[in-house]
Amino acid sequence: MAGYKVISFDKIASTQTYAHNLIARGAAGNCVAVIANAQTAGHGRYKRRWVSKPGNLYVSFIFNDTARNPRLSYAVAVAVAETLITLGAPATIKWPNDILIDGKKICGILIEYNNDFVVVGIGINITSCPDVEKYQTAKLADYCNASRADVMKCLMKNLDVWRGADFKAVRERWTELAAGLNGDVLYRGAPAKLIGINDDGALILRRDDVDVVVFGDEISL
Ligand code: BTN
């Protein structure tokens, strides 16, 4: 396993912001994990608030990465889903990288590039899950007794495995774990069929028998 350097806080504004500040100060390195028990300014994709009560896992991993890589988000999603499955929760993946249990969101992933690094922020609901207007939420404690340390240990191992894996293997596993595959989804307000992901890491939707290739957006199941 990679030698992770873990920087741990009881409470912090945001592990993601802290990680970016480390990079800005020239104090970051490969495989640094910034972890907190609670966040006061946790945030997700599209600057949405990420409610961060004590007891869940809030972590931002810093990895060396100079080039934007659309495939990375699938490797991370598979690593998180495999972690939850190993610990006893039947996780699936909603494109691009929300992790669901019984159709409810248990984890969000935020991937941001910064100079020679990529910051991979992961929030996993363990002991509590917030009420969110747009979607239902789940927590790990309803499925197993895993602690934050158990989740973190398994997650670091799986990140090593799936970040290092061939994209063919990642894509195969992602496809097995994908929620709503071959089903109807909503993309930009209109229905489409979820076909899968291609070699470049783009989502393939089908509308009126025409395949639509989508990068970095959102769908509703
Ligand atoms: C999303 O679903 O929009 C992504 C949510 C990402 C939340 C994590 S929690 C750890 C890290 N710190 C943050 O402020 N955000 C990410």
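Read the numbers this way: they start at 1 and go in the same order the structure lists the ligands and their atoms.
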Checklist entry - Has R163 got its NZ or CZ under 6.0 Å from the middle of the six-membered ring of F63, at an angle within 45 degrees of the ring axis? => result yes
Checklist entry - Which of the atoms of ligand 1 are close to V59, meaning less than 4.0 Å from one of its heavy atoms? => result 10 (C)
Checklist entry - Between R173 and E82, does at least one N-O distance fall below 4.0 Å, as a salt bridge requires? => result yes
Checklist entry - Which protein heavy atom lies closest to atom 3 (O) of ligand 1, and at what distance to 0.1 Å? => result R45 N, 2.7 Å
Checklist entry - Does D131 CG have over 12 foreign heavy atoms under 6.0 Å away? => result no
Item to check | Residue that, paired with D98, satisfies salt bridge (charged side-chain N to carboxylate O under 4.0 Å, His left out) out of K104, K105, R48, R45 | outcome: K105
Checklist entry - Is there at least one pair of N or O atoms, one from S14 and one from ligand 1, spaced under 3.5 Å apart? => result yes
Checklist entry - Between Q39, E112, K47, which one has a non-hydrogen atom sitting closest to atom 12 (N) of ligand 1? => result Q39
Next on the checklist: Heavy-atom distances under 4.0 Å decide this one: backbone, side chain, both or neither, for I109 against ligand 1?
Outcome noted: backbone
Checklist outcome for this item: Residue, atom and distance of the protein heavy atom nearest atom 11 (C) of ligand 1 read T15 OG1, 3.3 Å
Item to check | Numbered atoms and elements of ligand 1 in range of G42, under 4.0 angstrom, heavy atoms | outcome: 14 (O)
Item to check | Path from M152 to I109 over hydrophobic side-chain contacts below 4.5 Å | outcome: yes
Checklist entry - With atoms numbered from 1 as shown, which atoms in ligand 1 lie under 4.0 angstrom from a non-hydrogen atom of G44? => result 1 (C), 3 (O), 4 (C), 5 (C)
Checklist entry - Should the pair K139-D142 be classified as a salt bridge under the 4.0 Å nitrogen-to-oxygen rule? => result yes
Checklist entry - So with a 6.0 Å cut-off around CZ of R206, is the heavy-atom count from everything else above 12? => result no
Next on the checklist: Distance under 4.0 Å to a non-hydrogen atom of G123: what atoms of ligand 1 satisfy this?
Outcome noted: 8 (C), 9 (S)
Checklist entry - Which residue from H43, R48, K105 reaches closest to atom 2 (O) of ligand 1 through any of its heavy atoms? => result K105
